[in-house]
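Here the structure is laid out as structure tokens; the discussion comes afterwards.
Note: hydrogens, waters and symmetry copies are ignored here, and every other heavy atom, side chains too, is used.
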Amino acid sequence: MIKCGNCGANKYKHVSKRTLKDGSIRQYPKLRCSSYTTEPCGAPVYDPDEMYGALAETVLDQLGDFEVVHRQYARGAENLARVNELQASIRHYMEGLTPGGAFAVGGFIQRQAEEALQKFGVELGKIDPESTKDRWTYKSMGVTYRDHWKKLGTDQMEKDLLRAGISFVVYPEHCDLLIPDDVKSRLVVKKDYFEKKL
């Protein structure tokens with residue numbers, strides 16, 4: 001997700017090693033443009049730790065307060081079955097409470113039937129019609145991306161930023177964090193409900 005401002009190619013971390021006279025090995029990490037392996041564009045190399053630090057600081061500043069949201073697939077079959085049960089029960093009690101019906105006899109039986117009818121009506125009114133359909137639901141995980149990345153580290157940050165289409169363009173004089181307009185919807189964690197279960 002780190003891009004070269006000169007040519008637009010990806011930046012990558014390269015580590016060269018040198019064996020010292022005492023036999024120890026010293027590593028020299030560099031962040032350089034992938035054009036280096038074909039036709040170098042002339043972009044300078046950078047210290048990876050400094051560049052990753054600048055990236056993390058910029059990302060946290062601009063996206064750290066967004067909430068982590070997961071998309072989940074919800075089946076409506078259970079609620080639909082309950083709606084059908086309630087509607088059948090309501091029809092049964094309404095028919096029984098009509099003049100000449102089984103419950104229209106006054107006293108205890110009629111009171112119990114009226115109470116049951118009212119209870120089923122209240123429960124039916126609380127079921128959202130949308131919840132009887134198969135659908136995607138969105139649930140806040142109760143944490144910000146700042147907390148999320150603090151806990152899960154930079155590997156998770158990289159995965160989230162790649163999923164959202166965010167890139168960090170490095171120019172010789174400055175860096176730009178390119179964030180799509182619809183970044184909030186792109187950051188939603190969309191585990192595929194239909195993926196093969198192992």
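Pairing each heavy atom of G64 with each of T144, the nearest pair is O-CB, 3.2 Å. Between Y46 and P172, the closest heavy-atom pair is OH-CA, 3.6 Å. When all heavy atoms of A43 and C4 are compared, the pair lying nearest together is CB-SG, 3.6 Å. Considering all non-hydrogen atoms of both residues, P44 and K11 come closest at O-NZ, 3.6 Å. Of all the heavy atoms in S35 and C41, the pair that sits closest is OG-N, 3.1 Å. Pairing each heavy atom of G100 with each of A104, the nearest pair is N-CB, 4.3 Å.
With sequence neighbours left out, the ring pair (Phe, Tyr, Trp, His ring centres under 6.0 Å) criterion links Y12 to no other residue. By the salt bridge (charged side-chain N to carboxylate O under 4.0 Å, His left out) test, D134 is found to be paired with R75, residues two or more places apart in sequence or in another chain being considered. For L97, the side-chain contact (heavy atoms from CB on, under 4.5 Å) test picks out F103, Q110, A113, E114, L117, with sequence neighbours left out. Taking the side-chain contact (heavy atoms from CB on, under 4.5 Å) definition, one finds that R26 meets it with L20, Y28, sequence neighbours left out. Listed by chain and number, the residues in a side-chain contact (heavy atoms from CB on, under 4.5 Å) with S167 are K3, V169, L178 (sequence neighbours excluded). Among residues two or more places apart in sequence or in another chain, the salt bridge (charged side-chain N to carboxylate O under 4.0 Å, His left out) test is passed with D182 by R186. For R163, the salt bridge (charged side-chain N to carboxylate O under 4.0 Å, His left out) test picks out D160, with sequence neighbours left out. Among residues two or more places apart in sequence or in another chain, the ring pair (Phe, Tyr, Trp, His ring centres under 6.0 Å) test is passed with Y145 by H148, W149. By the salt bridge (charged side-chain N to carboxylate O under 4.0 Å, His left out) test, K150 pairs with no residue at all, sequence neighbours left out. Partners of K184 by side-chain contact (heavy atoms from CB on, under 4.5 Å), not counting sequence neighbours, listed by chain and number: F66.
The structure places CD of E115 at 11.0 Å from OH of Y93, a figure rounded to the nearest 0.5 Å. Interatomic distance, CD of Q27 versus NZ of K17, reported as 5.0 Å (0.5 Å rounding). Rounding to the nearest 0.5 Å gives a distance of 11.0 Å between CD of Q72 and CZ of R135. Atom-to-atom distance recorded for E39:CD and C33:SG is 11.5 Å, nearest 0.5 angstrom.
Distance alone, capped at 3.5 Å, places no donor-acceptor pair between the S34 side chain and the A9 backbone. Side chain of R32 to backbone of K30: no donor-acceptor contact under 3.5 angstrom is found.
Side-chain contact check for M51 versus C175: some heavy-atom pair is nearer than 4.5 Å. The side-chain heavy atoms of R18 and I25, taken from C-beta on, include no pair separated by under 4.5 Å. Residues F108 and Q112 have side chains in contact (heavy-atom distance under 4.5 Å, counting atoms from C-beta outward). Between F168 and M1 there is a side-chain heavy-atom pair separated by less than 4.5 Å.
When the side chains of ILVMFWY residues are joined at heavy-atom separations under 4.5 Å, either directly or via intervening members, L177 and L162 end up in a single hydrophobic cluster. The cluster map of Ile, Leu, Val, Met, Phe, Trp and Tyr, joined by side-chain heavy atoms under 4.5 Å apart, puts I179 and V188 in different clusters. Under the 4.5 Å side-chain heavy-atom criterion for ILVMFWY residues, a single connected hydrophobic cluster contains both V183 and L55. Linking ILVMFWY side-chain heavy atoms closer than 4.5 Å, directly or via other members, places V69 and W136 in a single hydrophobic cluster. The cluster map of Ile, Leu, Val, Met, Phe, Trp and Tyr, joined by side-chain heavy atoms under 4.5 Å apart, puts V83 and M94 in the same cluster.
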Exercise for review: Evaluate the criterion side chain to side chain contact (heavy atoms under 4.5 Å, CB included) for residue pair V143 and K151; output intermediate values, then yes/no.
Suggested key: CA-CA 11 Å; V143 294; K151 181 179 176 184; over 6 Å; no
Check your understanding: Stepwise, does the side chain to side chain contact (heavy atoms under 4.5 Å, CB included) test hold for L124 with I90?
Key -> CA-CA 9 Å; L124 182 62; I90 289 169; 3.8 Å; yes
Check your understanding: Does the side chain to side chain contact (heavy atoms under 4.5 Å, CB included) test come out yes or no for L63 and L161, once each step is laid out?
Key -> CA-CA 10 Å; L63 304 173; L161 297 179; 4.0 Å; yes
Practice item. Report the C-alpha separation of I127 and L86 in whole Å, then their side-chain angles, then the decisive distance to 0.1 Å, and conclude whether the side chain to side chain contact (heavy atoms under 4.5 Å, CB included) test is met. Key: CA-CA 11 Å; I127 297 176; L86 290 169; 3.9 Å; yes
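Listed by first then second residue, pairs satisfying salt bridge (charged side-chain N to carboxylate O under 4.0 Å, His left out) with a partner in residues 57-67 read D65-R146, not counting sequence neighbours. For residues 85-111, every residue pair satisfying the salt bridge (charged side-chain N to carboxylate O under 4.0 Å, His left out) rule, not counting sequence neighbours, is listed here: R82-E85.
Counting heavy-atom neighbours within 6.0 Å of I109 CD1, excluding the residue itself, gives a total of 12 or less. Within a 6.0 Å radius of CG in D181, other residues, nucleotides and ligands contribute 12 heavy atoms or fewer.
Inspection of the N79 and S131 side chains reveals an N or O donor paired with an N or O acceptor under 3.5 Å.
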